*Asks:* 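Questions regarding the structure given below will be posed in turn.
Since the model is a prediction, treat every value here as computed from it, not as a measurement.
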Amino acid sequence: MLSKRLAAVDRGRCVACGVCENTCPLGAVRVHRGCYAAVEEERCAGCGKCAKLCPADCIEVKARAEA
């Protein structure tokens with residue numbers, strides 16, 4: 001069952017540092033081609049760990065319907 005919350009990345013502000021990828025306990029966040037992070041919606045639990053540790057402050061956890 002999908003959670004009601006979902007992490008969303010602002011690709012324009014993402015610096016592709018990989019902190020979110022290393023932090024996500026479900027492996028839902030991946031850095032693509034060294035350019036930006038993206039969230040696999042099916043895997044994301046909306047826990048917010050990635051957003052909390054993001055040094056670029058480019059990840060926001062939203063209600064799934066808003067993301």
Side-chain angles (χ1 to χ4, degrees):
M1 180 177 192
L2 293 176
S3 73
K4 293 182 180 182
R5 297 170 45 87
L6 175 68
V9 179
D10 179 344
R11 292 180 181 181
R13 291 176 35 210
C14 181
V15 296
C17 66
V19 170
C20 55
E21 185 175 39
N22 295 328
T23 301
C24 181
L26 300 176
V29 186
R30 301 274 182 210
V31 174
H32 290 277
R33 298 185 178 120
C35 297
Y36 60 85
V39 178
E40 273 187 65
E41 294 183 16
E42 310 82 42
R43 298 181 78 158
C44 182
C47 67
K49 290 181 181 180
C50 58
K52 192 177 289 186
L53 295 177
C54 177
D57 196 31
C58 69
I59 304 175
E60 186 177 353
V61 180
K62 302 178 179 183
R64 200 168 274 272
E66 296 175 19

*Asks:* Looking only at non-hydrogen atoms, find the nearest pair between C50 and T23 and report the distance.
*Replies:*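 Looking at all heavy atoms of both residues, the closest pair is N-CG2, 4.2 Å.
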*Asks:* Nearest 0.5 Å, what's the CZ-NE2 distance between R11 and H32?
*Replies:* 7.0 Å
*Asks:* When rounded to the nearest 0.5 angstrom, what is the spacing between SG in C20 and NZ in K49?
*Replies:* 14.0 Å
*Asks:* Closest heavy-atom contact between V9 and V39?
*Replies:* CG2-CG2, 3.9 Å
*Asks:* Which other residues end up in the same hydrophobic cluster as Y36, if Ile, Leu, Val, Met, Phe, Trp and Tyr are linked when side-chain heavy atoms come under 4.5 Å apart?
*Replies:*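 So far as hydrophobic clustering goes, Y36 is joined with none.
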*Asks:* How far apart are the closest heavy atoms of G46 and V61, and which atoms are they?
*Replies:*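 That closest heavy-atom pairing would be O-CG1, 3.7 Å.
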*Asks:* Between R64 and E41 (side chain of the first, backbone of the second, donor and acceptor by atom type, cut-off under 3.5 Å), is there such a pair?
*Replies:*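 Yes, the answer is positive, given that a donor and an acceptor are paired below the 3.5 Å cut-off.
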*Asks:* Can you name the closest pair of heavy atoms from S3 and C44 and give their distance?
*Replies:*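 Shortest heavy-atom separation between S3 and C44 comes out as OG-O, 3.8 Å.
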*Asks:* Identify the two heavy atoms, one from I59 and one from A7, that lie closest to each other, and give their separation to 0.1 Å.
*Replies:* CG2-CB, 4.0 Å
*Asks:* Drop me the distance from K52's NZ to C47's SG, to the nearest 0.5 angstrom.
*Replies:*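 Interatomic distance, K52 NZ to C47 SG, rounded to 0.5 Å: 9.0 Å.
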*Asks:* Roughly how far apart are N22 CG and C17 SG, rounded to 0.5 Å?
*Replies:*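 Going from CG on N22 over to SG on C17, the span is 8.5 Å.
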*Asks:* Could you pull out the closest heavy-atom pair between G27 and E40, with the gap in Å?
*Replies:* O-OE2, 4.2 Å
